[in-house]
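Structure record follows, encoded as structure tokens.
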Amino acid sequence: MSVGLEKCCCFIPLRFGTFLIAFWFAAVYLIDTTTGFLGINAATVYSGQAARPWYYIDLLFTVIICLGGVVGMFGSCFSSRKFAKAFTVIVWVNCTLSVIKYVICMALMVTHRDAMAAACHRSGFVGISNAQPSVEPVILSDSPYYAPVRYPGTLNANSASLASCEDTVKTFLIAFGVTIAVIQFLQFYFASVVSAYASRLRNGARHHRLHDQQIKDFEESRYHMSTVY
């Protein structure tokens, strides 16, 4: 697939496309990392509540992907075959880590969606206006008379009904799954673009070496002919 690519997204030159792809990985995963640390990234928070060690592994994967993008941004400013070859490896590693990251996030949230609904019932759904940096599992009372009482400045300040939380969780999981599928498709296409850029530099270098050798052979043959006559 990558061999026949001449442009990124049909109209962007491969070199500039490679820079934009590196910027994508740096910017998107920097936002992902920041929102995860701040507790406003629902996927990071809820998957972390389901499995606390995963919270740190998730953030580690995200930071690695982000750093790979930063390296690519600097390296893409130079038409270096060594960089292009290295960034090809980096971008495919980034894609692999991204798939692992989001598949595990999705699996943890789907298998613990009742816990997500309980957390939402107590504290509201995670979002920009409702940060929840804690990844401690939420345990609610089994009493049929229990209901979180909203009080400003507490964990219950944004509590919602259990029924509305279950609907919110269901909608979020569907939207998250569709979004991640589209992102993964785009990123594997981006990896193919970077591979095409590396192939073009490698083939160009091979062409120049062959051209130089032909000139050298021609000059040598002229020299030998002149000495004969």
Response to the item:
For Gln184 and Cys95, the nearest pair of non-hydrogen atoms, with its separation, is OE1-O, 4.0 Å
Worksheet item: Less than 4.5 Å apart, any side-chain heavy atom of Val71 and any of Leu67?
Response: no
Discussion item. Test of understanding: clusters of I, L, V, M, F, W, Y form through side-chain heavy atoms closer than 4.5 Å, transitively. Do Ile183 and Ile174 belong to the same one?
Written reply: no
Worksheet entry | Same cluster (ILVMFWY, side-chain, under 4.5 Å), Phe37 and Ile31 | no
Practice prompt. To the nearest 0.5 angstrom, please state how far the CZ atom of Arg113 sits from the CG atom of Leu108.
Written response: 13.0 Å
Fill in: Shortest non-hydrogen separation from Asp58 to Thr62 and the atoms involved
O-OG1, 2.7 Å
Item to complete: Determine whether the aromatic ring centres of Phe185 and Phe190 lie less than 6.0 Å apart.
Response: no
Worksheet item: Taking side chain as C-beta onward, heavy atoms only, is Ser195 less than 4.5 Å from Trp92?
Response: yes
Fill in: Verdict with supporting geometry, Ser164 and Ser161, side chain to side chain donor-acceptor pair (under 3.5 Å)
CA-CA 5 Å; Ser164 66; Ser161 69; 2.9 Å; yes
Worksheet item: Would you say the side chain of Thr44 lies within less than 4.5 Å of the side chain of Thr35, judging by non-hydrogen atoms?
Response: no
Item to complete: Determine whether Leu30 and Leu186 fall in the same hydrophobic cluster, where Ile, Leu, Val, Met, Phe, Trp and Tyr are linked whenever their side-chain heavy atoms lie under 4.5 Å apart.
Response: no
Discussion item. Using the disulfide (SG to SG under 2.5 Å) criterion, which residues pair with Cys165? Sequence neighbours excluded.
Written reply: Cys120
Fill in: Spatial distance of atom CG (Asn94) from atom CD (Gln187) [nearest 0.5 Å]
8.0 Å
Worksheet item: Which pair of heavy atoms, one from Gly72 and one from Phe87, lies closest together, and at what distance?
Response: CA-CE1, 3.5 Å
Worksheet item: Any donor and acceptor pair, going by atom type alone, linking the side chain of Gln132 with main-chain N or O of Gly124 inside 3.5 Å?
Response: yes
Response to the item:
Rounded to the nearest 0.5 angstrom, the NZ-CD1 distance for Lys101 and Ile57 is 11.5 Å
Worksheet entry | Check: Trp24 ring centre within less than 6.0 Å of Tyr29 ring centre | no
Discussion item. For Phe125, is there any backbone N or O sitting under 3.5 Å from a side-chain donor or acceptor partner on Asn130?
Written reply: yes
Discussion item. Just by distance, no angles: are the side chains of Tyr197 and Thr88 close enough, under 3.5 Å, to form a donor-acceptor pair?
Written reply: no
Discussion item. If hydrophobic clusters are built by linking Ile, Leu, Val, Met, Phe, Trp and Tyr wherever their side-chain heavy atoms come under 4.5 Å apart, do Tyr56 and Val63 end up in the same one?
Written reply: no
Discussion item. Any non-hydrogen side-chain atom of Tyr46 less than 4.5 Å from a side-chain atom of Tyr55?
Written reply: no
Response to the item:
Only residue of Leu59, Ile90, Leu97, Val93 satisfying side-chain contact (heavy atoms from CB on, under 4.5 Å) with Ile64 is Leu97
Worksheet entry | Side-chain heavy-atom pair Phe74, Val70 within 4.5 angstrom cut-off | yes
Worksheet item: Would one find more than 12 heavy atoms of other residues, nucleotides or ligands at under 6.0 Å from atom CZ of Phe176?
Response: yes
Practice prompt. Answer whether the closest heavy-atom distance between the side chains of Ile21 and Val194 falls below 4.5 Å.
Written response: yes
Fill in: Euclidean distance, Met73 CE relative to Phe19 CZ, rounded to 0.5 Å
4.0 Å
Discussion item. Is there a continuous path of hydrophobic side-chain contacts, each under 4.5 Å between heavy atoms, that joins Ile65 to Val28?
Written reply: yes
Worksheet entry | Value rounded to 0.5 Å, distance of OG in Ser47 from CE in Met116 | 9.0 Å
Practice prompt. Tell me who clusters with Ile128, hydrophobic residues only, linked when side chains sit under 4.5 Å apart either directly or through other members.
Written response: Leu38, Ile40
Worksheet item: About how many Å separate CD1 of Ile180 and SG of Cys105, when rounded to the nearest 0.5 Å?
Response: 8.5 Å
